[in-house]
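Treat the numbers as computed from the prediction; the structure is a model and nothing was measured. Proteins get letters first, then strands, A, B, ... in listed order; numbering begins at 1 in each.
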Amino acid sequence: MELSSEDTAQARIITVHADRIDAAGAIEFKEKMRSAVDEGPERVVLDLTSVDFIDSSGLGAIVATMKMLGQGRRLDLAGLTPLVEKVFRLTRMDTIFRLYPDRETALAVTSE
Amino acid sequence: MNSAARVRQDSDSRRHARFALRIEASEINTRSVVQSVCGRLRLAGVAPLRAGDIEIVLAEAINNVVEHAYGQSEPGPIHISCSLRNDRLDIRINDEGRPLPDERLPPGRVADVDVPLNDLPEGGFGWFLIRSLATEVRYDRCGTRNQLSLRFKV
């Protein structure tokens, strides 16, 4: 599973280049996220535009990344496809993360 | 992955498909079989959004078998059979692993997310998703086998 990372003035944007974050890939995803968020800006935006399937292991790995960031840093999510959005909504994780339709919208929001 | 499949879409667009697949329990095989089943269901006329729900339920159910039924022992076989007739889809998942705790379906309550950041759950969503997205769920312990029966209105 490939991730790419770029920094803007306000945030680090991490893009997932895979169509699934499932049990077979969740551990690798979590490890790659750990390196990708290391010593970056306070705000991290995870771009999930390419991801069309996530299961509870993938969801757990995203929650784990949020915890890794700790207090004072924040993980926002952008580009959730319909099925991914549904998993976040059903598990009420949509109340924990800020969800944006795409990375441009996420970046247009100034820090709060 | 072995398969015996028959997928047919009648000219009057009534949906009909029956097929069975078998895998050796592993996370990567779960991914393949879930994609294969949902691909066949889409071809048989199941709407993409509903096929997505089914994909989530199957992934959770089969991963449970991989991680818990076979988790502490040698991985064994998992059989998945599907029968689609018009608006009713029945899926059966059979394995030869350990039974569910107390030989019954877990309650699958929604995990509490109104908690401090560090207490947020990183798991325990599986049965909740299964119960939320499937129309009916039934579990039977038959001798040394587990059978999970899932019904979907499609």
Check your understanding: Checking heavy atoms, do the side chain of Val34(B), its backbone, both or neither come under 4.5 Å from chain A?
Key -> side chain
Practice item. Please answer: with hydrophobic residues joined when any side-chain heavy atoms are less than 4.5 Å apart, are Val37(B) and Val137(B) in the same cluster? Key: yes
Point to revise | Part of Val113(B) within contact of chain A (heavy atom distance under 4.5 Å) | key: both
**Study point:** Portion of Pro121(B) that has a non-hydrogen atom of chain A nearer than 4.5 angstrom
**Key:** both
Check your understanding: Do Met1(A) and Ile28(B) belong to the same hydrophobic cluster, where Ile, Leu, Val, Met, Phe, Trp and Tyr are linked whenever their side-chain heavy atoms lie under 4.5 Å apart, directly or via other members?
Key -> no
If you check both backbone and side chains, which donor-acceptor pairs between chain A and chain B fall under 3.5 Å?
{"unit_1": "Arg20(A)", "atom_1": "NH1", "unit_2": "Glu55(B)", "atom_2": "OE2", "d": "2.8"}
{"unit_1": "Arg20(A)", "atom_1": "NH2", "unit_2": "Glu55(B)", "atom_2": "OE2", "d": "3.1"}
{"unit_1": "Asp22(A)", "atom_1": "OD1", "unit_2": "Arg31(B)", "atom_2": "NE", "d": "3.4"}
{"unit_1": "Asp22(A)", "atom_1": "OD1", "unit_2": "Arg31(B)", "atom_2": "NH2", "d": "2.9"}
{"unit_1": "Asp22(A)", "atom_1": "OD2", "unit_2": "Arg31(B)", "atom_2": "NE", "d": "2.8"}
{"unit_1": "Asp55(A)", "atom_1": "OD2", "unit_2": "Asn63(B)", "atom_2": "ND2", "d": "3.4"}
{"unit_1": "Ser56(A)", "atom_1": "N", "unit_2": "Glu60(B)", "atom_2": "OE2", "d": "2.6"}
{"unit_1": "Ser56(A)", "atom_1": "OG", "unit_2": "Glu60(B)", "atom_2": "OE1", "d": "2.6"}
{"unit_1": "Ser56(A)", "atom_1": "OG", "unit_2": "Glu60(B)", "atom_2": "OE2", "d": "3.2"}
{"unit_1": "Lys67(A)", "atom_1": "NZ", "unit_2": "Asn118(B)", "atom_2": "O", "d": "3.4"}
{"unit_1": "Lys67(A)", "atom_1": "NZ", "unit_2": "Leu120(B)", "atom_2": "O", "d": "2.5"}
{"unit_1": "Lys67(A)", "atom_1": "NZ", "unit_2": "Glu122(B)", "atom_2": "OE2", "d": "2.9"}
{"unit_1": "Lys86(A)", "atom_1": "NZ", "unit_2": "Asp53(B)", "atom_2": "OD1", "d": "2.6"}
{"unit_1": "Lys86(A)", "atom_1": "NZ", "unit_2": "Asp53(B)", "atom_2": "OD2", "d": "3.2"}

Review point. Can you name the ring-ring contact (aromatic ring centres under 6.0 Å, His included) partners of Phe88(A), sequence neighbours left out?
Key: Phe97(A)
Review point. For Leu129(B), is it the side chain, the backbone, both or neither that has a heavy atom under 4.5 Å from a heavy atom of chain A?
Key: side chain
Review point. Is there a path from Leu117(B) to Leu99(A) through hydrophobic residues (I, L, V, M, F, W, Y) whose side chains come within less than 4.5 Å of each other?
Key: yes
Revision key, fill the gap. With sequence neighbours left out, the residues meeting side chain to side chain donor-acceptor pair (under 3.5 Å) with Ser4(A) are His17(A)
**Study point:** Under 4.5 Å from a heavy atom of chain B, the part of Ile96(A) involved
**Key:** side chain
Review point. Is Met68(A) reachable from Ile62(A) through a run of I, L, V, M, F, W or Y residues, each pair having side-chain heavy atoms under 4.5 Å apart?
Key: no
Practice item. Quick one: which residue pairs count as a ring pair (Phe, Tyr, Trp, His ring centres under 6.0 Å) with a foot in residues 84-105 of chain B, not counting sequence neighbours? Key: none
**Study point:** Point-to-point distance, once rounded to the nearest 0.5 Å, from CG of Leu90(A) to CZ of Phe125(B)
**Key:** 11.5 Å
Practice item. Tell me, yes or no, whether the heavy-atom count around Ile27(A) atom CD1, taken from other residues, nucleotides or ligands under 6.0 Å, exceeds 12. Key: no
